[in-house]
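Here is the naming used below: chain letters follow the sequence lines, and residue numbers restart at 1 for every chain. Quick note: numbers below take in every heavy atom, side chains included, and nothing from hydrogens, waters or symmetry partners.
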Amino acid sequence: MNNISIIDSLNDAQRLAVSAPNRAMLILAGAGSGKTRVLVHRIGWQIQVEGLSIHNILAVTFTNKAAKEMRGRVEDLLNISAKAMWIGTFHGLAHRLLRRHAKQAKLPDTFQVMDSDDQFRVIKRLVKSLNIDDTKWPPKQVMWFINAQKDEGIRAKHMVESGDVYQRTMLQLYKAYEEICNRSGLVDFAELLLRAHELLRDNEDLLTFYQDRFKQVHVDEFQDTNTIQYAWLRLLTEGKDNLFVVGDDDQSIYGWRGAKIENIYSFQSHYPNHQVIKLEQNYRSTSNILKSANALIANNDARMGKELWTDSGDGELISLYTAFNEQDEAYFVVEKIRKWVSEGGSRQDVAILYRSNAQSRQFEEKLMTTRTPYRVYGGLRFFERMEIKNALAYLRVMSNHHDDASFERVINTPTRGIGTKTIDEIRLLAREQELSLWQAAITLISQGQMTARASNALKIFLNLIKSLGEEANDKELFEKVKLIVEKSGLVELYKKEKGEKGEARIENLEELANAARSFDFDEANEEKLNELDMFLAHAALESGDMQGDDYEDCVQLMTLHSAKGLEFKLVFLVGLEEGLFPSQQSADDVARLEEERRLCYVGITRAMEQLYITHAESRRLYGKETYPRPSRFLKEIPAEFLQEIRIRANVNRPVTASTSRPRTSVQQVGTYKMGQRVSHVKFGEGIVLQMEGEGAQERVQINFQDVGLKWLMLSYAKLQVL
DNA sequence: TCTTCCGCTTTTTTT
DNA sequence: AAGCGGAAGA
C-alpha cells in the first residue's frame with residue numbers, strides 16, 4: 001500500500017485531516033461524515049507515511065465497541081496485526097496504566113475494579129454505618145456527588161469544609177468512602193481516571209516515558225470527555241501538540257454525566273497552534289432529513305456552527321403522525337414496519353427510537369402480537385446479572401479476603417444462618433478498629449462473645465472461603481470458576497427458585513465458566529499479572545455485549561442515547577411530546593433543553609432513507625392519563641420537509657378494552673358473607689370485606705374497629721359470627 | 001428466615 | 001403501572 005491509497009478514497013476535508021502535519025487537530029465531524037474513517041486513516045497515515053510504529057500510537061474511545069471497531073478497521077486498512085497498539089476506552093487504558101504501575105499509583109497489586117452497582121452498595125452501607133439518615137441523604141445522591149468530584153479531579157482533601165450542612169455531610173461521606181476503598185483495594189470507574197491522572201502527574205519519569213512513547217494521541221467523541229479525561233490527555237501531549245481529536249458539539253448528549261463540551265472550546269486556547277477542520281459532507285441521509293436536522297439544531301445557541309449537506313437527492317419527506325394515544329402510536333409504527341418488510345425491506349434496517357426505556361413496552365406488545373422479531377437494546381448485561389455478580393464476589397473474596405464489598409455480598413448468599421445481627425456486629429468491630437470485615441469476623445470469633453450458633457455459622461463461611469482458595473490455588477482460571485459455582489451453594493440456591501428464572505441463572509453460571517475458559521489472558525495482560533484479577537477487571541470494565549447471540553433479522557428498539565453512532569434506513573422517532581421529549585426534568589433549564597435538542601438531532605440523523613416522527617394526543621404515564629402538547633421540536637422542523645399522515649377513518653380507540661384487565665376471580669360464596677359482622681379473640685369486632693381462596697387456603701379480609709384492615713386465614717382464625 | 005404488604009418514585013448510560 | 005425497598009407478619 002502506498003501513500004496515495006491511504007487518502008485516495010477520501011473527500012477533500014477528510015484528506016486534509018488525515019494528512020495534516022503532526023500538530024493539534026480538532027476535527028468537527030458531523031453525523032455521518034466519516035468520523036471513524038478519518039481516525040482510522042489518520043492512524044494508517046501515521047504508520048505508512050510518517051513511519052511511526054504501532055507502539056507510538058494511542059487511540060482513546062468511550063466504548064469498548066468503538067475501540068474494537070477501530071482496531072479492526074486499522075488492521076484491515078494496513079493489513080497488519082494491531083494487537084499491540086494502545087487502542088481502548090479511557091477506563092481501559094487507565095486501568096492498564098494502574099496495573100503496570102500499581103506501586104507508584106499507591107494501589108495494592110491486587111486492586112479490584114468496582115462497577116457502579118458495587119460502588120452503590122458500598123456507599124449505601126457506608127451511609128448506614130455512619131448512622132446517617134438515608135432518606136435525607138440518598139446513597140444515589142451521595143454516589144453522584146462523589147463521582148462528580150472525582151470527574152473534576154477533586155479529592156476529599158482538596159475540599160474545604162464550609163458551614164453548609166449539605167457540603168459538610170457529603171464531604172464526610174466522601175472521606176469515609178475513600179478510606180473504605182483504600183482499605184479494601186477497591187477502585188471505582190471515576191477513580192480509575194483520577195488515579196491514572198495523578199499517577200502521570202506525580203511521576204515525572206513515567207510521564208516522560210509515555211510522552212515519548214506516544215507520538216500521536218487520537219481521541220474519538222471528544223465532546224463527551226469530562227474534565228479529568230481531558231486533563232489526562234493534556235498531560236500526555238504536553239508541549240508536543242500531538243493531539244488529534246474528533247468530535248461533534250451538536251451530538252454532545254452526556255452532559256448529565258459530567259461530559260464537558262467546553263473541552264472543545266478550551267482545546268483551542270490550550271493548543272494555540274491547532275487547526276480546525278469541519279467535516280460537513282454527509283454520506284448517510286437524504287437531503288430532506290439533513291435539512292430538517294440542520295433547521296432543528298440551529299435553534300441552539302451554544303454551538304460552533306456546522307451545516308451538513310449531501311449530494312444525494314432530496315429523498316422522501318419526513319412523515320409526521322399524530323396518534324390518539326400510545327397504543328395507537330405503536331399500532332401505526334408496527335403497521336408501517338409490516339408494510340416495509342412486505343415490500344422486501346429488512347427488519348434490521350428499522351429502528352424505533354424513544355426518549356426513555358419505559359416507552360418500549362407498547363411497541364414490544366404490538367410487535368409480539370404481529371410476530372415481528374425485534375430486539376431491545378439496553379437492560380442488564382451479562383456481567384451485571386445478580387448470579388454472575390455473586391459468583392464473581394466469591395472469586396474476589398477468594399483473591400482478596402479484605403474486599404469488604406464482596407465479602408458482604410456473599411457472606412449470607414446463599415443463606416447460611418448469618419443474619420443481620422451478626423453482620424452488624426462484624427461491621428461495628430471493623431469500623432471501631434479499622435479492620436476489614438474479614439479480620440473483624442476472625443476477631444469476633446476469637447473473642448467468643450457470640451452465640452455458639454452464630455459463631456459456628458461464621459466459622460463455616462470463613463473456612464469455606466479459605467478451603468476454596470487452597471483448592472483453587474494451582475487450578476486453571478475456568479476451573480476456579482467452576483469450583484466456586486459448585487461449592488458456593490449458589491446452584492442449589494437457584495435450583496430452589498421457582499420458574500424458569502432459576503434455570504436461566506444456573507445456565508448463566510455455566511456460561512461464566514465458558515467465559516473464563518475463552519478469556520484471552522495474554523491479550524489483556526502484557527504485564528503478566530494475576531490471571532484471576534485480570535478476569536475480574538475484565539468483567540467490570542466490559543460488562544459483556546448485549547445478547548449478541550441473536551442473529552435473527554430483527555427490528556431494533558433503543559433509546560436515543562444508545563442510538564448514537566448507528567444508522568438505519570427506516571427510523572421511527574416516537575413520543576415527541578412536551579414532558580416526555582424534551583423530558584420534564586429539562587424543561588426549565590436552557591442548557592438542558594439544548595441537550596435534549598441535540599438528542600433529537602442525533603435521532604433525526606440516524607435515518608438514511610425514511611424518517612417517521614410520531615406523537616400522541618393522550619398518553620398513559622405513571623398510571624395516569626395525560627394529554628401532552630406536541631413537542632416544541634416539531635415546530636422547529638420547517639413544514640416544507642414534513643408531510644402529515646392523515647388519521648385513519650376507523651379509529652380503534654380502545655375505550656374500555658384497554659382499561660379492563662383480567663381480574664383474579666374472587667370467591668364470592670364462602671363461609672361468611674360480605675358485610676358480615678364478626679368477632680376475633682385478639683382483634684375484637686369487625687366487618688368482613690373480602691374473601692378469597694378455598695378450603696385450607698380460604699382467607700377473609702376484615703376491617704376491625706380497633707386494628708383496621710387484616711387478612712386472616714379461616715383455618716387459623718377463630719371467628720365468631722355476630 | 002422468608003414472605004407479603006404498603007408506600008414511594010418515576011430520564012438518558014458507559015465505564 | 002410497576003418495580004423497589006423497608007417494615008411487619010408467619
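- Checked by atom type, the side-chain pair Asp118(A)/Gln112(A) shows no donor-acceptor distance below 3.5 Å.
- Ring stacking holds between Trp256(A) and dT12(B), with the centres under 5.5 Å apart and the planes within 30 degrees of each other.
- One finds no side-chain N or O of Asn226(A) lying less than 4.0 angstrom from the OP1 or OP2 phosphate oxygen of dT15(B).
- The side chain to side chain contact (heavy atoms under 4.5 Å, CB included) check on Asp151(A) picks up Ala190(A), Asn226(A), with sequence neighbours excluded.
- Taking the nucleotide of DNA chain B with the nearest heavy atom to each of Tyr622(A) and Gly417(A), the more 5' of the two is matched to Gly417(A).
- Closest non-hydrogen pair, Val410(A) versus Asn390(A), comes out as CG1-O, 3.6 Å.
- The CD atom of Gln362(A) sits 13 Å away from the P atom of dA2(C) (whole-angstrom rounding).
- Of the candidates dT14(B), dT12(B), dT1(B), the closest approach to any side-chain atom of Arg257(A) belongs to dT14(B).
- OP1 and OP2 of dT11(B) both lie 4.0 Å or more from every side-chain N or O belonging to Asn357(A).
- Within 4.0 Å of Ile418(A), counting heavy atoms only, lie sugar-phosphate atoms of the nucleic acid but no base atom.
- Within the 4.0 Å cut-off from OP1 or OP2 of dT1(B), at least one side-chain nitrogen or oxygen of Asn412(A) is found.
- Checking the phosphate oxygens (OP1, OP2) of dT11(B), no side-chain nitrogen or oxygen of Ser586(A) falls inside 4.0 Å.
- When distances run from any side-chain atom of Arg592(A) to the nucleotides dA1(C), dT11(B), dG6(C), the shortest one goes to dT11(B).
- Contacts of Arg361(A) with the nucleic acid, taken as non-hydrogen atoms under 4.0 Å apart, involve only primed sugar atoms and P, OP1 or OP2.
- Residue Asn64(A) places at least one side-chain N or O under 4.0 Å from the OP1 or OP2 atom of dT15(B).
- Not a single donor-acceptor pair, N or O on each side, falls under 3.5 Å between the base of dT15(B) and the side chain of Thr63(A).
- As rounded to whole Å, 16 Å separates atom C1' of dT12(B) from atom CG of Leu557(A).
- Asp220(A) meets the side-chain hydrogen bond (donor to acceptor under 3.5 Å, both in side chains) test with Lys35(A); sequence neighbours excluded.
- Along DNA chain B, the nucleotide closest to Leu541(A) and the one closest to Ser356(A) are compared, and the more 5′ of them pairs with Ser356(A).
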